[in-house]
Amino acid sequence: MSPVLRKLLSHPSVSLSCAALLVLLAIAVAAPWLHTIDPAAMDYMNVNQPPGTHAVAALPDGSEQARTYLLGTDTYGRDIYSRIVFGTRVSLMVGVVCAVVSLCLGCLLGMLAGYFRLADMLLMRVMDGLMAIPAILLAITLVAVLGASLPTVIVAIAIPEVPRVTRLVRSLVLTLRDEPFVEAARSLATPTSLILLRHILPNAVAPLIVQGTFIAASAVLTEAVLSFLGLGLPPEVATWGNVMADGRVNFSEQPGHVLFPVLLLVPAVLAINLLGDGLRDVLDPKFDRRKN
Amino acid sequence: MLRFVFSRLVSTVPVLLVVSITVFLVLRLAPGDPAAVIGGSNATTEDIAAIRQSLGLDKSLLHQFLIFIGNLLQGDLGRSYYFNKPVATLIAERVGPTLSIASGTMLFAVAVAVPMGTLAAWRIGGWLDRLLMGFSVLGFSVPVFVVAYLLIMPLSLKLRWLPVQGYVPPSDGLAAWASHLVLPWIALGTVYVALLARVTRASVSEALAEDYIRTARAKGVSQTAVLFRHALVNAAVPIVTVVGIGVALLIGGVVVTETVFAIPGLGSMTVEAVLNRDFPVIQGLVLFFAFANVAINLLVDLSYLALDPRIRY
């Protein structure tokens, strides 16, 4: 085992959060076999039921099926437990894909800004402007304009994160471009694209991974907030935010319908944040100072 | 110093310009005819033609942008076809509750987080410090609306101490106003307490390692005075910076908090505007919030002059 990997796994918050994330991943992958039913199936005879309700559901084909709604049913008679379990898939995917998208875009723009002085002026002014718009507001606007679907929600959450990544990559490139190994490569007439890809990018990987985990954590939260406000994924899609949004109406009678998804949402975000903290400690001790 | 104020003012111009261009482009890049989008589903063909005329949609993109900026400079944010009112008027009508929430949250967060972070820095690794660090990680991982519901459940629904929802303007009685806002302040304040306390702790603990603290202790200054008069005052700049950074987070949080507590401010107006597909209002609100964010951060930068006499421009 490589020393970095050993150091990572012996870090308590990294190993703990990795374990938690593996459990969540297992839930997401195994969702259909975890005693769930179709998360979109509506049982109009049993809407807004409390946890543990036994009921006989009439299926669309006319047959009947005995069911136990572990966490109750929502305003359309959908099984909340199944919706939460299936919602794990959406949340984890949004977190990972948003992080990857914003890292890729930010990397590209940051390298351009850091390496080419002319692009720097223009790009950084644009980034400053984008950062002045509060992230959630920008995401809401983008979803409103583009329409709500999984790809548009991911783009809408990822774009407000791009300026921060761009800034980070730019500052890394600015310090790296004057390092002797880059100068050596340049004096050997290495093409700029190769210098950026082979010499600069690999040295920026550690802080980028750390940044990526924090983006993933905030993306999971933002997706839940957007859905909760009714501005995210369409309400029939099983997501934690949509379950909570549906529970808002009957909060005083069935507070659980809002609070049950929290039992996965908060551990998920907490685990990703702790993973980020741990990775930062191990991979990049100077990260905190570099951020400014 | 005047030169600094001036140059700092000038530096906001490109930021505001990029914000305006972004907002302008986002609406134009939307799929479909912008006039039809702005007019909404009830617009007649004549309405759409009128909108196209007023926005100059038959002209070049640059020309359209100049019209947009010209209107913006005159304080004209466009017209909501849903409410049939100017957007600026709508914003003015609903800014009060939002200001009440935002300012109260900031005060609450500073009042709780700064002493907490300072005391944690005094005994790094102590129980208060560990509690605070645990709380601050948790604070970043719990959505605002969850904190809100966790407060509503015991305090409003069980004990009935505070109203569940709604808003009363301060002119109808300060007690009623505050009682409706206590829960929003705490709910929204949690994440800022987490953020601010963390930075205060780091900043104060750095200041505590300085020589002047040792000198102060050596000449017998009391522990409290060392902490609050010497360390905290010298740690003020990073703390105030984070208050400024927090404004963007605060605005996002206001949207959620106003929705949960049914407070008729700009945040709930944003959500309604999106649900109504009222694009001129969305556009106006994004511009308003972004400009407010820039203005507050400008004030934060200027406050450095007062906070740290060593900073001279």
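So you know, we letter chains A, B, ... as the sequences are listed, proteins then strands, and number each from 1. What you see below is based on every heavy atom in this structure, not just the backbone, and it leaves out hydrogens, waters and symmetry mates.
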Exercise. With only heavy atoms counted, which part of B:P143 is less than 4.5 Å from chain A, the side chain, the backbone, both or neither?
Worked result: both
For this session: Spell out, as yes or no, whether a donor-acceptor pair under 3.5 Å connects the side chain of B:S268 to the backbone of B:I263.
Result: yes
Exercise. Which of the residues B:V23, B:L285, B:V271 is involved in the greatest number of heavy-atom pairs with chain A at under 4.5 angstrom?
Worked result: B:V271
For this session: Heavy-atom distances under 4.5 Å only: say whether B:Y149 touches chain A with side chain, backbone, both or neither.
Result: both
Exercise. For A:L221, is it the side chain, the backbone, both, or neither that has a heavy atom closer than 4.5 Å to a heavy atom of chain B?
Worked result: side chain
Exercise. In terms of heavy-atom pairs under 4.5 Å with chain B, which of A:I133, A:L265, A:L274 leads?
Worked result: A:I133
Exercise. Of the listed residues (B:V286, B:V247, B:T241, B:L150), which shares the most heavy-atom pairs with chain A below a 4.5 Å separation?
Worked result: B:V286
Exercise. In terms of heavy-atom proximity below 4.5 Å to chain B, should A:V258 be classed as side chain, backbone, both, or neither?
Worked result: side chain
Exercise. Salt bridge or not for A:D128 and A:R167, using N-O below 4.0 Å?
Worked result: yes
Exercise. Of the listed residues (A:V225, A:L142, A:L138), which shares the most heavy-atom pairs with chain B below a 4.5 Å separation?
Worked result: A:V225
Seminar exercise, completed: When rounded to the nearest 0.5 Å, the distance separating CG of A:D74 from NE2 of A:H257 is 8.0 Å
Exercise. Which value, rounded to the nearest 0.5 Å, describes the distance between B:L266 atom CG and B:T98 atom OG1?
Worked result: 4.0 Å
Seminar exercise, completed: Between the CG atom in B:N276 and the CD1 atom in B:I282, the distance rounded to the nearest 0.5 Å is 9.0 Å
Exercise. Charged N to carboxylate O below 4.0 Å: is that the case for A:D277 and A:R280?
Worked result: yes
Problem set entry | Segment of A:A132 engaging chain B (4.5 angstrom heavy-atom cut-off) | both
For this session: Check each atom of B:V294 against the heavy atoms of chain A and say whether the ones under 4.5 Å are side chain, backbone, both or neither.
Result: side chain
For this session: With a 4.5 angstrom heavy-atom cut-off, could you sort out which part of A:I272 is near chain B: side chain, backbone, both or neither?
Result: neither
Problem set entry | From CG (B:L249) to OH (B:Y192), nearest 0.5 Å | 4.5 Å
For this session: Would you mind checking if B:E272 and B:R94 are paired as a salt bridge, meaning a charged N to carboxylate O distance below 4.0 Å?
Result: yes
Problem set entry | Distance in Å, B:L138 CG paired with B:M133 CE, rounded so as to fall on 0.5 Å steps | 13.0 Å
Problem set entry | Proximity breakdown for A:V262 and chain B, heavy-atom pairs closer than 4.5 Å | side chain
Seminar exercise, completed: Applying a strict 4.5 Å limit to non-hydrogen atoms, the region of A:M244 in contact with chain B is side chain
Exercise. Nearest 0.5 Å, what's the CD1-OG1 distance between A:I136 and A:T141?
Worked result: 11.5 Å
Exercise. What part of A:L270 gets closer than 4.5 Å to chain B, counting heavy atoms only: side chain, backbone, both or neither?
Worked result: both
Exercise. Taking every heavy-atom pair that is under 4.5 Å apart, which of B:I21, B:I251, B:L17, B:V144 has the most such pairs with chain A?
Worked result: B:I251
